[in-house]
Amino acid sequence: LSRAGAGLRAPLAGALVASLGTFVQLLIVTAYVDTQVLRRLWPPVLGSALVLVVIAAVVYRGAGRNHGGSASDPAGIPPSRPFALRPALALAAVLVAALLVGRWGADVLGPEGAILAAFAAGLADAHAGAIAAATLAAAGDITIDTALIAIAAALGSNLIVKTALAFAAGGRRFGLGFLAAMAAPTVVFGLALTAAIAVS
């Protein structure tokens, strides 16, 4: 949409809301796997998500002002199905691979191996690395602190990929806007996670 001349702000707000979905899903999958990890993870996630909500709202309101109250016109964009089998199978494969590589990394390299595995999994999907780290913590293979660092690594590598895609798909201005908008939530998450680990 940004490259098609629909304006910068509305597509950017959409990308930010999609990133907000990452935080929401992260809490859901972590709650399912290990509530101990969730208890320490939710304050950083909630804090960064709230900051992201405010930023996305400000960006979107600016889109309405710039386009006379209409954010964007999706005309010409082909409709897509809400569920597609191929992406779902690909995600399942990434999750299984992340669990196997995470367990192997923890066995061979110790906690650092689990963190590296989560970082690598995050390049494909942030939740895969998070699920792998929380699963290892639930099994007692790594500590909760290590799981939190591994989850942060998965989110960090996923943000790198998202930023690269923002530049590639949306152009330089869109990419810079996405990077600037994600800076504050990232800092909030990092500071809150550091505090959560320090007070443990």
Side-chain angles (χ1 to χ4, degrees), residues 15-52 83-166 178 182 185-200:
L16 296 176
V17 171
S19 295
L20 178 63
T22 298
F23 286 127
V24 174
Q25 292 173 352
L26 180 63
L27 290 180
I28 293 172
V29 298
T30 305
Y32 180 76
V33 176
D34 189 353
T35 56
Q36 296 297 320
V37 173
L38 176 67
R39 188 173 294 118
R40 304 263 301 282
L41 182 65
W42 76 260
V45 171
L46 182 61
S48 55
L50 289 176
V51 172
L52 187 55
F83 179 80
L85 182 59
R86 187 173 297 174
L89 292 176
L91 177 59
V94 169
L95 290 173
V96 172
L99 286 170
L100 293 175
V101 173
R103 176 63 59 90
W104 174 82
D107 289 343
V108 175
L109 301 174
E112 294 80 8
I115 294 170
L116 288 174
F119 181 88
L123 294 172
D125 179 72
H127 309 105
I131 290 173
T135 300
L136 292 174
D141 295 328
I142 60 175
T143 65
I144 293 177
D145 285 351
T146 300
L148 293 174
I149 295 171
I151 291 171
L155 285 173
S157 64
N158 191 253
L159 180 58
I160 292 171
V161 172
K162 285 181 179 178
T163 303
L165 290 174
F178 181 81
M182 290 301 297
T186 301
V187 170
V188 168
F189 181 85
L191 292 176
L193 187 71
T194 300
I197 293 173
V199 299
S200 63

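Values reported hereafter were calculated over all heavy atoms of this structure, with side chains retained and with hydrogens, waters and symmetry mates removed.
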Going from CZ on Phe23 to CG on Leu155, what distance comes out if it is rounded to the nearest 0.5 angstrom?
6.0 Å

Looking only at non-hydrogen atoms, find the nearest pair between Ile144 and Arg40 and report the distance.
CG2-NH1, 3.5 Å

For Val33 and Ala138, the nearest pair of non-hydrogen atoms, with its separation, is O-CB, 4.0 Å

Closest non-hydrogen atom pair between Ala150 and Ala114, with its separation:
CB-O, 4.2 Å

Rounded to the nearest 0.5 Å, what separates atom CZ in Arg39 from atom OG1 in Thr30?
13.0 Å

Rounded to the nearest 0.5 Å, how far does CZ of Phe178 lie from CG of Leu159?
6.0 Å

In terms of heavy-atom contacts, Ile151 and Ala130 come closest through CG1-CA, 3.8 Å

Gap separating the CG atom of Leu136 from the CD1 atom of Ile131, nearest 0.5 angstrom:
12.0 Å

Shortest non-hydrogen contact from Thr143 toward Ala137
O-CB, 4.3 Å

Kindly give the heavy-atom pair with the smallest separation between Thr22 and Lys162, and that separation in Å.
OG1-NZ, 2.8 Å

Find the distance between CG (Leu41) and CZ (Phe189) and round it off to the nearest 0.5 Å.
5.5 Å

CG-CG distance between Leu20 and Leu50, expressed to the nearest 0.5 angstrom:
9.0 Å

Student check: side-chain heavy atoms of Leu27 and Leu38 closer than 4.5 Å:
yes

Is the closest side-chain heavy-atom distance between Leu52 and Met182 below 4.5 Å?
yes

Please determine whether side chain to side chain contact (heavy atoms under 4.5 Å, CB included) holds for the pair Asp34 and Thr135, giving the CA-CA distance in whole Å, both sets of side-chain angles, and the decisive distance to 0.1 Å.
CA-CA 7 Å; Asp34 189 353; Thr135 300; over 6 Å; no

